[in-house]
Amino acid sequence: MSNLFRSLPSMDALLTALAHPEQAGPGTPAASEQTARPYQADLAALPRPLLRDLVNAFLDQCRGAIRAGTITDAAALSTQALLPALAAHVLRAARPHFRRVLNATGVVIHTNLGRSLLAEEATAAVAEACANYSNLEFDLATGERGSRYSHVEELLCKVTGAEAGLVVNNNAAAVLLVLDTLCKGGEVVVSRGQLVEIGGSFRIPEVMEKSGAVLREVGATNRTHLRDYENAINERTVALLKVHTSNYRITGFHKEVGLAELVALGRARNLPVIEDLGSGSFLDFTPWGLHGEPTVREVVADGADVVSFSGDKVLGGPQAGLIVGRREIIARIKRNPLNRALRIDKMTLAALEATLRLYLDPELARRKVPTLRMMTAPADELARRARKLANRLRTALGDAATIGLAPGVSRVGGGSFPERDLPTTLVSVAPAGCSATALKERLLDTDPPLVGRLEDDTFRLDPRTLDDTEFPPAAAALAQALGLPGAQDAARPGKRAPRARRG
Ligand SMILES: *Cc1c(COP(=O)(O)O)cnc(C)c1O
């Protein structure tokens, strides 16, 4: 056994072999077809200290295998013999922690998977903004200091019809900033049916407390009347707040006070009406079967004094909190020192301006903003794409799984249009050698990971959230998870292909 330990190659020999696999010796996989693999370039880009640590860890594993008696032959310990396993180990361990996944869940705005994907115009603007100096806070007309908000305010007003607007880090920040500016120390009247908690511990009562405003809840969980608001108003009242019940719906014996009525009451009592719209959309999705949500423009036209919403929900832009409303109120919000702590960065601004620009032509936005394109994908197109994906999976997986098609539903997600089903066609995978649950787990460890759903004891993929360019890596990930030979390499993505345009 001690001889075997001595047969282990040195660190330097392994580092050299990783850098020059073609010299590792004749007849090894590394010297033949694998020399052309993309991994060499990946390895060359790794920081040396990290590479040494990973090689060390690999050598430790080899020593463990010798001690455990799983390696008994010195030939298995030659540099040539170890190289493929070493390269695989290094590449796997060196993967970035934050990385791409394939979303086959059919949930378009999946908060855990990064919410909205940016339009190509927006990703290009981000690349330009972060690789170059810019006029972020520089007024090119005067050569003096400018405002970072100037880049999007006009667009925001044009698209929403509001007098003024500003943008902060996310909608949670927007709500906090609005309450802190307008309501600190006073009472804010809110319906009991709207005291929402959304994921990630954002709760209206708690945000209210942080802002220093006092929550005055009115009505019952299922029903709130205008007189409930009227009766709650007193000399300490500073605002009326309406909150979008993003991720739930109260059905049955239910009543909410509409915005127009609330605005009339606010005007009569000289109180601003604030609406936290949650998602906030610029398009009317009624033609696509998604009804019942007013657009931001409608909410502004109904007279809300301040409206806030997310940039990366139905809007399909970067993470941001957009605030629009009456000029004097927005001016006060801009002056709040808290605004500085919640401000957005230049990459977000670049992505947001590019996204808002697309909305100047709603049909252009619908075709170019991935979130909108996925939300409005026609059922027949999804069925056609499901068949295409199924065929590819049949070819890639052979006898390892039974592939089928099943009608199903997708979701908008992100607390937008809760409970609304979007009809789709799902591709089902019933593995031959393991349970669907085991397959789902293994797919979290493929490269890239593939996230789908379990339904009727099969693993299901929804083509709505999977781009055509992602079909090959999805097939390769399934092959890899099912242990098909050669799958390990096939699943390694090359350079990321841009998401093809559809629609
Ligand atoms: C999503 C949401 C928020 C938080 O928005 P983020 O952009 O995630 O910070 C706040 N209020 C409502 C009603 C929401 O739906």
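All ligand and atom numbering here is 1-based and tracks the order in the structure. Side-chain atoms are counted along with the backbone in the values below, which use heavy atoms only and exclude waters and symmetry mates.
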Checklist entry - Have Arg464 and Thr424 got a donor and an acceptor in their side chains that come within less than 3.5 Å? => result no
Checklist entry - In terms of heavy-atom contacts, does CD of Glu230 have more than 12 from other residues, nucleotides or ligands at under 6.0 Å? => result yes
Next on the checklist: Hydrogens and angles aside, do Asn234 and Glu187 bring a side-chain donor and acceptor to less than 3.5 Å of each other?
Outcome noted: yes
Ligand 1 polar-atom proximity to protein (N/O, under 3.5 Å):
from     : atom 1 : to     : atom 2 : distance (Å)
ligand 1 : 5 (O)  : Ser310 : OG     : 3.2
ligand 1 : 7 (O)  : Asn171 : N      : 3.0
ligand 1 : 7 (O)  : Ser310 : OG     : 2.6
ligand 1 : 8 (O)  : Arg115 : NH1    : 3.0
ligand 1 : 8 (O)  : Arg115 : NH2    : 2.9
ligand 1 : 9 (O)  : Asn171 : N      : 3.2
ligand 1 : 9 (O)  : Ala172 : N      : 2.8
ligand 1 : 11 (N) : Asp276 : OD1    : 3.3
ligand 1 : 11 (N) : Asp276 : OD2    : 2.7
ligand 1 : 15 (O) : Ser246 : OG     : 2.4
ligand 1 : 15 (O) : Lys313 : NZ     : 2.8

Next on the checklist: Checking Thr469 against Asp467: is there a side-chain donor and acceptor pair closer than 3.5 Å?
Outcome noted: yes
Quiz: residues 134-141 side-chain donor-acceptor pairs under 3.5 angstrom, not counting sequence neighbours:
from   : atom 1 : to     : atom 2 : distance (Å)
Glu137 : OE1    : Arg145 : NH2    : 3.0
Glu137 : OE2    : Arg148 : NE     : 2.8
Glu137 : OE2    : Arg148 : NH2    : 3.2
Asp139 : OD1    : Ala141 : N      : 2.8

Next on the checklist: Is it the case that the side chains of Ser428 and Thr458 hold a donor-acceptor pair, with the cut-off being a distance below 3.5 Å and no angle test?
Outcome noted: no
